[in-house]
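Worksheet: the structure to be examined is printed underneath.
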Amino acid sequence: MRSVRKLAALSIGYCFSVFAAHYILPYNYLLPTAAASIGLALCSLLLKGNTRKRVLLAALAAAIGFCGYKYHYDNTVSSCEKLVGKTMTVHVQVLEYPTRYDYSSRIYVKLTEEELPQVKAALFAYNDCLSAVKPGDILRAEIRFRSAVEKYGEENDNYISDGIYLNGNIEESRLVSGGDNSLAFLPQELGRVLRTQIKDIFPQNASPFMLALLTGDRNDYYKDEALHSAMGVSGMAHVVAVSGMHVSFLVALLQLVLGKNRRTSVLCLLLIWTFVVMSGSSPSAVRAGIMLSVFLMAPVFGRENDRTTSLCFALALILAANPFAAGSVSLQLSFAAMAGIYLFAQPIYGYLDKLTPGRGSIRRYIIGSLSSSLSVTVFSVPLIAVHFGYVSLLMPITNILCLWAVSILFVGGYALCILSFLTKLTATFFAGLLAYLVRYIAFVVKTVARLSFSTVYTENMYAVLWIVLVYAVFALWLIGRKKGKRLSPLIPTVLCALVLVCVFAKTRADMLADSGTLGVMDVGSGQCIALTEGRHTVVIDCGSKGTFTNAGSEAAKYLRGRGRTKIDCLVLTHLHSDHISGAARLMNTMQVETLILPGYVDYINDGELADLIDAAHENGVRLMYISHDTEFDAGGISLRLYAPFPKGDKNERGIMLTAEVGDERVLITGDVAGATERKLVAAQDLSDTDILIVGHHGSKYSTSEELLLETEPEIAIISVGYNNYGHPAEEVLDRLREHDVTIYRTDECGRILISTGD
């Protein structure tokens, strides 16, 4: 076979079938599709030459993939779903050290009862019963099992893509025996020691980044909302995901020093798996190790390294171990990035090398970084757009500015951790110096993230069309090059740049022409409302609950996708998490001029208010506290903020307000109950209300008869999603229907947009 090798045909057929089984085919269609694949294999015998071999091998591999996926599903997911909802006392073996959160702990275990599936499970405890457990321990625990394939009422493959097939809450547990097989859990122990050393020697403001970079432990990193948001928007989030890129640093460094030969490949293989073990053998690290190992095996055995074959075979190996890994975003991005690097990095480097005169290491670094960054984007950009809803336009520039620092931090961080065992004082000193590189990276990514139009969002249909145009133009250019035509990439590059300028111009023109829009975000049983008019924007509440969506990210995508980078004011009606959980991220993502809070906040002592104020100060946001009736105008948007009532809990002491945008008057009551609504009716004139944002997500204690009689709204909008409270209550829906109010719900309609202008 000339163009596609036998192994490549087998791998492609197998991988295609697994992805089809995971994303496209219903469960009941797997065996019939496998049979159809076998039929296709038999029909291929009628063909001739290499085509017959390719189709035969690919079809047989596809049949194996469909059958294997069903077999794996039956023996893991189906078996485990029978336990969901049951409370059982079982023996489990601890696989990793516990991860501690603010109010709970999580451990990964393997079920060891003979009558139960022998699978990996994630268990959560809301007491201190896990404080002393370690890998290898055997626990006898009372567990209430939960599904690993459903969360917030929706199917979810986050857990099963990492080989975790059950969730559960530990009601109580006791240690049966300690771990006696220390070698089996050496990776976990090395990972724990490494994490401890990083926390000991690096400054507090640098250790979260270093933990994420060196071990993949991102719990502390996620708490830094400003850095976390900026890393994503600037296109640098990949450096803190233990993946192929991290291992590639080690391989590239050794090949640079020792050359590309068999000895170097053997040494690289040893170091790759040492790194995988030291990082705790996370699924993403193991997948990266497998991918790079396949590439390095060819020189070891003196065989030709066909890159397409190596890529497909590496993916097939991973999917053979766990077919559900097809749903892993980490795997998809890692594979896409490596495919781009191995297929396009060298040609791009060669072209840039000829294009730019001169010599020197700095020039080689810039060309190498730019070619690597551009090659990574070839296949990863569509995936990033689909999974995250945006694409960073400045990622190549950010990589040039930062990857040299990441390389030093990566290699130097490991070296200092080893040095700390000999002399902690010296290691701490040099770790303090390396921390300046962490601060440098933070400065760069935050600066880039703040730039207007540094990112295009899939919310903007013009941007989506531009992305499609870019791929179409360069595909035609590549086809022309293959046909022997001498075509410069400058022409398609300039064409795409000019179209992008037109996209930005059209987006801004549409923004300025906005005569008034009310947008209610789909954030589960939380609330996030955006009012826009011309260049002005007001956001009221920014929280989510019962959903994977972060309200701050959702609001930012909605607004920035429409060309908006500034928010005149962010109003938080009260300080419950379902109304504020995304506020810090929104302030870190967009320029917020004023943050409006209820005046009675002295009862907040759990850190929520402190975190908000810290985020506001860090971003230069002006604070305003409402303790009496206040008017606030932002262009064509007028707010009348009603003084919070001085008694009650967080809900009752929150801000209620009327917003006028375009020709519509909108009443927003937060989460107050009927008694407080009646006080508002007695104190204010609400008779001209057009749109009512139903209070407390449709709770039966809100939306009183008195409020509806006073306001007589035409439209009622309920921000609601998955919840255990029965929201929206049938009593509320009945009352709204009795008053002939048109009802819109985010759990049924998704995001709700109403034009309030002419």
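Since the structure is predicted, the reported quantities are computational estimates derived from the model, not experimental observations.
Listed by chain and residue number, Glu225 satisfy the salt bridge (charged side-chain N to carboxylate O under 4.0 Å, His left out) test with Arg585 (two or more places apart in sequence, or in another chain). The salt bridge (charged side-chain N to carboxylate O under 4.0 Å, His left out) check on Lys566 picks up Glu593, with sequence neighbours excluded. Here Asp200 pairs with Lys424 under the salt bridge (charged side-chain N to carboxylate O under 4.0 Å, His left out) rule; sequence neighbours left out.
Formation of a donor-acceptor pair under 3.5 Å by the Asn156 side chain with backbone atoms of Asn158 is found in this model. Asn460 contributes a side-chain N or O that, together with a main-chain N or O of Gly561, makes up a donor-acceptor pair within less than 3.5 Å. Under a 3.5 Å cut-off, the side chain of Arg218 and the backbone N or O of Leu211 do not form any donor-acceptor pair. Checked by atom type and distance alone, the side chain of Ser581 never pairs as donor or acceptor with a backbone atom of Asp578 at under 3.5 Å. With hydrogens and angles ignored, the 3.5 Å screen pairs no side-chain donor or acceptor of Thr669 with any backbone N or O of Val672. In this structure a side-chain-to-backbone donor-acceptor pair under 3.5 Å is present from Thr455 to Val233. Judged purely by atom type and a 3.5 angstrom limit, Ser544 uses its side chain to pair as donor or acceptor with the backbone of Thr549. Judged by distance alone, the side chain of Arg560 and the main-chain N or O of Tyr390 form no donor-acceptor pair under 3.5 Å. Distance alone, capped at 3.5 Å, is enough to place a donor-acceptor pair between the Ser392 side chain and the Ser234 backbone. For Asn619 (side chain) and Val621 (main-chain N/O), no donor-acceptor pair under 3.5 Å exists by modelled atom type.
Taking 4.5 Å as the limit, every side-chain heavy atom of Asn723 sits out of range of all side-chain heavy atoms of His697. A heavy-atom distance below 4.5 Å is found between the side chains of Leu512 and Arg535. Considering only heavy atoms from C-beta on, Pro203 comes within 4.5 Å of Arg439 through its side chain. Side-chain contact between Phe430 and Ile201 is absent, with no heavy-atom pair separated by less than 4.5 Å. Residues Leu612 and Met587 are in side-chain contact: their nearest non-hydrogen atoms beyond the backbone lie under 4.5 Å apart. In this structure, the side chains of Ser525 and Tyr722 stay at 4.5 Å or more apart for every pair of heavy atoms. Using a 4.5 Å cut-off on side-chain heavy atoms (C-beta onward), Val438 and Phe202 make no contact. Residues Ile626 and Pro644 have side chains in contact (heavy-atom distance under 4.5 Å, counting atoms from C-beta outward).
Once rounded to the nearest 0.5 Å, the distance linking OG1 of Thr377 with CG of Leu383 reads 12.0 Å. One distance of note links CG of Leu214 with CZ of Arg195; it measures 11.5 Å at 0.5 Å rounding. One finds the CD1 atom of Ile540 at 8.5 Å from the CD atom of Gln527 (value rounded to the nearest 0.5 Å). Separation of atoms CG (Leu130) and CD1 (Ile107) is listed at 4.5 Å; rounding is to 0.5 Å. Atoms CG and CD1, from Leu518 and Ile668 in turn, are 7.5 Å apart once rounded to the nearest 0.5 Å. To the nearest 0.5 Å, atoms CD (Gln188) and OH (Tyr97) are separated by 9.0 Å.
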Walk me through it: do Leu409 and Met210 pass the test side chain to side chain contact (heavy atoms under 4.5 Å, CB included)?
-> CA-CA 8 Å; Leu409 288 170; Met210 296 303 296; 3.9 Å; yes

Check step by step if side-chain hydrogen bond (donor to acceptor under 3.5 Å, both in side chains) holds for Ser420 and Gln197.
-> CA-CA 7 Å; Ser420 66; Gln197 295 302 106; 2.5 Å; yes

Please assess Arg622 against Thr594 for the test side-chain hydrogen bond (donor to acceptor under 3.5 Å, both in side chains), listing each intermediate value before the final yes or no.
-> CA-CA 5 Å; Arg622 181 172 69 98; Thr594 303; 3.2 Å; yes

Would you check, one step at a time, whether the test side chain to side chain contact (heavy atoms under 4.5 Å, CB included) holds for Leu425 with Phe429?
-> CA-CA 6 Å; Leu425 184 62; Phe429 172 77; over 6 Å; no

For Thr537 and Arg564, what are the C-alpha separation, side-chain angles and deciding distance, and is it a side-chain hydrogen bond (donor to acceptor under 3.5 Å, both in side chains)?
-> CA-CA 8 Å; Thr537 305; Arg564 299 178 181 275; 3.2 Å; yes

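Taking all atoms of both residues into account, the shortest heavy-atom contact from Ala463 to Val503 is N-CG1, 4.0 Å. When all heavy atoms are compared, the tightest approach of Ser380 to Leu333 is O-CD2, 4.1 Å. Of all heavy-atom pairs spanning Leu639 and Ala659, the tightest one is CD2-CB, 3.5 Å. Heavy-atom minimum distance, Gly519 versus Leu753: CA-CD2, 3.6 Å. Across all their heavy atoms, Ser719 and Val523 have their closest contact at OG-CG2, 4.3 Å. The shortest heavy-atom contact between Ala556 and Met590 is CA-SD, 4.0 Å.
Aromatic ring centres of Tyr440 and Tyr436 lie farther apart than the 6.0 Å criterion allows.
Enclosure of atom CD in Glu631 by more than 12 non-hydrogen atoms of other residues, nucleotides or ligands within 6.0 angstrom is indicated. Within a 6.0 Å sphere centred on CZ of Arg508, other residues, nucleotides and ligands contribute 12 heavy atoms or fewer. Other residues, nucleotides and ligands contribute more than 12 heavy atoms inside 6.0 Å of the CZ atom of Phe548.
Judged by distance alone, the side chains of His574 and Asp671 do bring a donor and an acceptor atom under 3.5 Å apart.
A salt bridge links Glu459 with Arg751; the closest basic N to acidic carboxylate O contact falls under 4.0 Å.
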